[in-house]
Amino acid sequence: MHRSGVAMAWNVFKFCTALRGLGSIMILLVLGVVGVTYYAVVLTNYGPALYEGGLDSVTALGVLILFHCLLVMLLWSYFSVVFTDPGSVPPNWRPAMDEERGEGDALNGSEFSALQSDPSNQRIRYCRKCSQLKPPRCHHCSVCGRCVLKMDHHCVWVVNCVGALNYKYFLLFLFYTFLETTLVTLALLPHFIAFFSDGEIPGTPGTLATTFLAFVLNLAFALSVLGFLIMHVSLVAANTTTIEAYEKKTNPKWRYDLGRMKNFEQVFGTDKLYWFIPAYSEEDLRKIPALQGLEYPSRPHFDSQEV
């Protein structure tokens, strides 16, 4: 039994190490898909159509403008997720109160001493791997090797954890990816259908193959991202994360569910001008503690003992 436990731990370790090693490969893969798509849409099909005149030129101009606008927002959101720290526990962090149980009395030194001697204490969560206290909604990531504030999941596509400080950016990445891939799928659909017609198709074998590949890739990404987008919209509406949704699946009550609009603002802020860009206003960062990842308002008069 002991040996099987050790073998399982070793396999998990190797799996986490492999995920860390994927880093630059996944980024290059994303950029490769973007490059193939750009070549097929802009250089092969709609760029040359600008010079044909008439309705074709107007259509091509509209497609290219929308394509580039969505591409800029997609890449901005993507690299914001990649390079933004999802949120780390501050050194020597200690809670001012027992937030897990909703008690307002400040914790005294003896309680902290008792906690250190008894890591299994459920009153305040403690990470055995990091040997530190865990703020509310914080979880340990085995891939990153540290605790992440309001961790949702570790995403290999962005080579980073998705947590309190970059969750909005991740959602925007999904949103703009879905819009962009849907646009490309619709834009290349006539060219894809032409492959199965009897008429002669203009273009070299290389450009035709690139168009075919770009259509298939974007259709596949559009369908898969749509599923993830729907799932995360439901999570935002309930003010929960992927991990929390799994943990509380047997209990419909949730202390952080403040109502759909308030839940939305806990992720996107209150400033509407910033809702669709990977950034926050200074005012929102000041007045919404949840955006910092350490404090989260809960439902009034919620009995945390039921959770």
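Just so it is clear, the values below take in all heavy atoms, side chains as well, and ignore hydrogens, waters and symmetry mates.
In this structure, Ser77 contributes its side chain and Phe170 its backbone to no donor-acceptor pair below 3.5 Å. Under a 3.5 Å cut-off, the side chain of Asp152 and the backbone N or O of Val162 do not form any donor-acceptor pair. Ser234 places a side-chain N or O within 3.5 Å of a backbone atom of Met231 that can act as its donor or acceptor partner. With hydrogens and angles ignored, the 3.5 Å screen pairs no side-chain donor or acceptor of Asn160 with any backbone N or O of Pro86. Judged by distance alone, the side chain of Thr44 and the main-chain N or O of Val41 form no donor-acceptor pair under 3.5 Å. A donor-acceptor contact shorter than 3.5 Å links the side chain of Arg125 to the backbone of Pro135. At least one donor-acceptor pair closer than 3.5 Å links the side chain of Trp275 to the backbone N or O of Gly269.
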Hey, mind stepping through Thr270 and Asp284 against side chain to side chain donor-acceptor pair (under 3.5 Å) and telling me if it holds?
CA-CA 7 Å; Thr270 59; Asp284 277 346; 2.6 Å; yes
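Under the 4.5 Å side-chain heavy-atom criterion for Ile, Leu, Val, Met, Phe, Trp and Tyr, Leu189 and Phe212 are members of the same hydrophobic cluster. Val72 and Leu172 fall into different hydrophobic clusters, defined by Ile, Leu, Val, Met, Phe, Trp and Tyr side-chain heavy atoms under 4.5 Å apart, directly or through other members.
Cation-pi geometry between Lys168 and Tyr280 is met: under 6.0 angstrom from the ring centre, within 45 degrees of the axis.
For the atom pair CG (Asn45) and OG1 (Thr207), the distance works out to 8.0 Å, reported to the nearest 0.5 Å.
Here the side chains of Pro297 and Tyr256 are not in contact, with every heavy-atom distance at 4.5 Å or above.
Judged by distance alone, the side chains of Thr241 and Arg137 never bring a donor and an acceptor atom under 3.5 Å apart.
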